[in-house]
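Following: one structure in structure tokens, then a few remarks.
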Amino acid sequence: MIAILKIVHLLALSVGLGGGVATLIVRWTAAKADPALGGRIALRISRAGFLAVLVLWATGIALATRAEAAGLTLGLFFWLKIAAAVVLTGAMLTFQVRALRPGPEVAALARLLSPLMLGASTLAVVFAVLAFG
């Protein structure tokens with residue numbers, strides 16, 4: 001069961017990070033040629049990324065619960081990973097809720113939150129590696 005949780009966790013991580021990169025590419029290329037189409041594509045990709053983050057939370061909680069039950073101590077780097085994940089999730093949730101009502105300010109919010117989401121996701125991965133090897 002732990003192997004399955006780890007596999008799903010890593011696949012969700014791949015979808016989330018890949019979606020982030022894809023969104024940046026769309027914003028740098030397609031959105032310049034056709035802002036409306038680029039925005040719709042980026043929004044759909046970001047929704048898939050948000051769902052991936054929800055899967056990461058579900059599988060991560062299950063894995064952490066099993067680790068603690070096995071007597072493993074979750075150290076500082078684990079909690080730093082969680083802090084980065086909370087920041088990422090908060091930024092993504094803020095964007096997803098705001099994007100329910102389309103408008104020009106959604107693109108501005110995306111430009112504002114993108115560096116925060118990129119930084120938080122990068123830190124979450126770095127701290128996960130430091131926490132679990």
Side-chain angles (χ1 to χ4, degrees):
M1 181 64 168
I2 290 177
I4 293 171
L5 287 171
K6 286 180 181 179
I7 290 167
V8 173
H9 196 73
L10 290 174
L11 288 172
L13 176 65
S14 299
V15 170
L17 291 175
V21 171
T23 300
L24 287 174
I25 292 169
V26 167
R27 282 187 40 221
W28 291 334
T29 57
K32 289 180 181 175
D34 185 343
L37 178 60
R40 288 193 305 272
I41 293 169
L43 180 60
R44 288 189 185 206
I45 295 169
S46 75
R47 286 188 178 143
F50 184 65
L51 290 174
V53 166
L54 295 179
V55 171
L56 282 165
W57 275 107
T59 56
I61 290 168
L63 286 165
T65 301
R66 289 180 181 269
E68 284 192 324
L72 297 175
T73 302
L74 302 173
L76 175 63
F77 288 121
F78 171 79
W79 294 108
L80 290 172
K81 169 191 171 320
I82 294 301
V86 166
V87 170
L88 172 64
T89 305
M92 291 184 83
L93 181 61
T94 298
F95 178 76
Q96 292 302 318
V97 168
R98 181 56 197 92
L100 292 173
R101 290 178 290 139
E105 58 278 350
V106 174
L109 182 62
R111 283 190 297 279
L112 177 71
L113 292 178
S114 288
L116 177 64
M117 291 186 282
L118 179 61
S121 61
T122 300
L123 286 174
V125 170
V126 168
F127 291 137
V129 170
L130 294 173
F132 299 111

Over 12 non-hydrogen atoms of neighbours within 6.0 angstrom of CG in Leu76: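 More than 12 within 6.0 Å, yes.
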
Report yes if some heavy atom in the side chain of [X] is under 4.5 Å from a heavy atom in the side chain of [Y]; otherwise report no.
X: Leu130; Y: Leu80; value: no
X: Val97; Y: Leu93; value: yes
X: Val87; Y: Leu116; value: yes

What distance separates [X] [atom1] from [Y] [atom2], expressed to the nearest 0.5 Å?
X: Ser46; Y: Leu43; atom1: OG; atom2: CG; result: 4.5 Å
X: Leu5; Y: Leu10; atom1: CG; atom2: CG; result: 11.0 Å
X: Ile41; Y: Thr29; atom1: CD1; atom2: OG1; result: 8.5 Å
X: Lys81; Y: Leu88; atom1: NZ; atom2: CG; result: 10.5 Å
X: Leu113; Y: Leu118; atom1: CG; atom2: CG; result: 12.5 Å
X: Phe95; Y: Leu100; atom1: CZ; atom2: CG; result: 10.0 Å

Grab the two heavy atoms, one from [X] and one from [Y], that are nearest each other, plus how far apart they are.
X: Met92; Y: Gly49; answer: CE-C, 3.5 Å
X: Leu74; Y: Ala64; answer: CD1-CB, 4.0 Å
X: Ala52; Y: Ala12; answer: CB-O, 3.4 Å
X: Ile45; Y: Ala22; answer: CD1-CB, 4.0 Å

Pairing residues for Trp57 by the side chain to side chain donor-acceptor pair (under 3.5 Å) criterion, not counting sequence neighbours: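 Listed in chain order: Thr89.
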
Set of residues satisfying salt bridge (Lys or Arg N to Asp or Glu O under 4.0 Å) with respect to Arg66, sequence neighbours excluded: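 Partners of Arg66 by the salt bridge (Lys or Arg N to Asp or Glu O under 4.0 Å) criterion come out as none, since no residue qualifies.
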
Phe77 and Phe127 aromatic ring geometry - parallel, tilted or perpendicular at 30°/60° bounds: parallel

